[in-house]
Amino acid sequence: MVAHLLSLKWRLLVNGFKRSTWQLVGTIIGGLYALFWVVMLGIGSFYLAEQPLDLRGSVGVLVTSVVLLGWALIPVFLTGVDLTLDPARFNTFVLTRRDLSVGLLLSGFIGIPATLTLLVFLSQTLMWRPNLAAMAAAIISAILAALMSQVLSRLVSTAALSITANRRFRDIAAVLLFIPLMLLGPAISSLADSFDRALEWIPTVAQVLSWTPLGIFAAIPWDVAQSNMLLAALRMLISVIYLAVFAWIWSFMLMRSIENPSVAKASGKVDGLGIFSRVPATAWGAVTARALIYWVKDPRYAGSLVVVPLMLVIAWFMYNQSGSSLMVLWAGPVVFALMGFVISADVSYDSTAFSLHALSGMKGADDRWGRAIACALVALPLFMILSIGVPLILGDSTLIPALVGMNACALLASIGISSIASARYTYAVPLPGESPFKSHPGSGVRMAVTQMGIMLAMTILSAPAIGLLIAYSVTNNSMWAWVLLLVGLVLGAIYLLVGVRIGGKWLESRWPELMQATVRNR
């Protein structure tokens with residue numbers, strides 16, 4: 001049965017590439033890029049073999065710990081849980097706990113990320129090449145560490161999906177869990193500024209991590225190289241126990257989630273029409289109201305309301321580090337470009353509810369206007385803060401016209417481009433009511449290519465305003481700020497009108513195809 005699950009994962013992977021040429025091309029490019037860094041890491045490990053023993057051991061423990069920590073966090077909070085072999089789909093099959101757990105665990109290596117992780121761990125064995133016994137121990141440790149990466153990933157993912165069974169808790173947690181990840185960059189930057197002091201406590205940190213599930217695997221060849229075989233055997237025993245215990249916990253949680261699936265309960269009660277009574281009684285008004293409800297209650301949208309503004313915290317941190325207001329000056333356009341970009345996935349997020357638009361006979365422009373207005377209303381408070389509040393806080397009111405023009409151009413251009421893109425391109429996203437942690441097979445590359453194309457188009461369209469903002473930043477001449485205000489507002493309005501017009505026409509000509517795509521992406 002384990003072999004059957006592995007064969008199934010392989011066929012699903014191959015069929016996914018056959019389904020989309022772009023997915024195959026993107027996967028090859030991404031895989032080659034990642035393989036390049038694996039080779040570079042191997043070269044670094046090869047030359048690291050000439051360094052002192054303690055340095056090699058500390059580096060190995062720290063690198064392994066970071067990789068395993070990444071496997072525990074990144075799949076859950078950033079890329080989503082791999083649902084190629086969704087355990088819930090095996091509810092009706094008679095599978096033993098052992099077969100299902102082992103099959104799902106090993107199936108993780110039928111894919112690029114896990115395979116590259118194994119290669120990363122194996123490449124570190126080169127730092128122990130002067131000692132063949134240490135190198136042999138490093139190979140065994142690398143395999144165990146690779147297995148632990150899959151166990152940690154699935155354990156944390158299963159725990160996250162189980163804990164978030166309550167809908168309200170899931171909605172809040174899905175948003176708030178991104179905050180520490182967004183602030184990780186400034187924290188690392190602070191550590192980099194104190195690199196000399198960091199070198200003093202790195203060996204101490206490595207010694208502590210060498211007894212944890214994150215770093216104990218890399219410490220085994222370190223002990224062998226020091227001829228401390230008893231300690232190496234003890235660490236090997238503890239590492240196997242760690243692996244077995246974590247695998248058992250994950251297996252237990254997995255079977256419990258299958259046998260007792262959680263069902264989201266509806267919560268909240270609205271009397272009357274709610275927000276629908278506060279919008280015009282038109283088709284675009286109804287779409288606006290529905291989109292606003294999505295922005296507030298759907299964690300897939302609400303996440304951007306927290307993640308995007310957090311970029312301001314990072315910009316403010318960099319401002320305090322460098323003393324230059326340019327970081328804050330350029331934060332606004334990036335924030336509003338990202339906020340407008342969110343609605344590029346509107347049709348995908350609608351899922352089968354998109355049939356209401358396709359079958360109601362509404363005009364494509366009404367659909368586009370409703371979604372665009374909702375996005376603009378959500379962005380309006382932040383727009384006022386960044387365009388007017390930030391200059392006043394910095395004590396430089398001359399920045400206001402420049403920021404109003406640049407931010408308006410970035411927001412309206414991104415909404416216009418997204419209005420066109422969502423009428424043409426769809427990709428698999430978490431379904432309504434699902435955890436935003438989930439990702440569906442085949443969605444990653446198509447999503448990345450689409451997003452890159454949209455962001456590139458936004459940058460090109462905003463080039464005139466960007467040029468004026470650079471001119472103002474360099475010369476500090478207020479004339480450029482007022483020119484930017486005029487150009488930004490005019491260009492932004494044109495981009496919005498053209499985007500809604502083109503997107504509306506594409507939508508009307510592609511109702512059936514988009515409806516089919518939303519069903520296929522489920």
Any side-chain heavy-atom pair from [X] and [Y] closer than 4.5 angstrom?
X: Leu496; Y: Trp369; result: yes
X: Ser473; Y: Trp480; result: no
X: Ser462; Y: Ile466; result: yes
X: Met479; Y: Tyr472; result: no

Residues in side chain to side chain donor-acceptor pair (under 3.5 Å) contact with Thr117, at least two apart in sequence or another chain
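Expected list: Trp71.
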
For Thr115, all residues meeting side chain to side chain donor-acceptor pair (under 3.5 Å), sequence neighbours excluded
none

Ignoring hydrogens and angles, state whether a donor on the side chain of Ser422 or Arg371 is under 3.5 Å from an acceptor on the partner side chain.
no

Would you confirm whether [X], through its side chain, and [Y], through its main-chain N or O, come within 3.5 Å as a donor-acceptor pair?
X: Ser344; Y: Phe341; result: yes
X: Ser251; Y: Ala247; result: no
X: Thr459; Y: Met455; result: yes
X: Arg368; Y: Ser419; result: yes
X: Ser418; Y: Ile415; result: no
X: Ser414; Y: Phe336; result: yes
X: Tyr495; Y: Leu461; result: yes
X: Thr288; Y: Ile373; result: no

With Met362, the side-chain contact (heavy atoms from CB on, under 4.5 Å) member among Val287, Thr282, Leu507
Val287

Nearest heavy-atom neighbours spanning Thr398 and Ala481:
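So the two residues come closest at O-CB, 4.1 Å.
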
Which pair of non-hydrogen atoms, one from Phe383 and one from Val404, has the smallest distance, and what is that distance?
CZ-O, 3.7 Å

Once rounded to the nearest 0.5 Å, what's the spacing between atom CG of Leu106 and atom CD of Gln150?
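Rounded to the nearest 0.5 Å, the CG-CD separation comes to 9.0 Å.
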
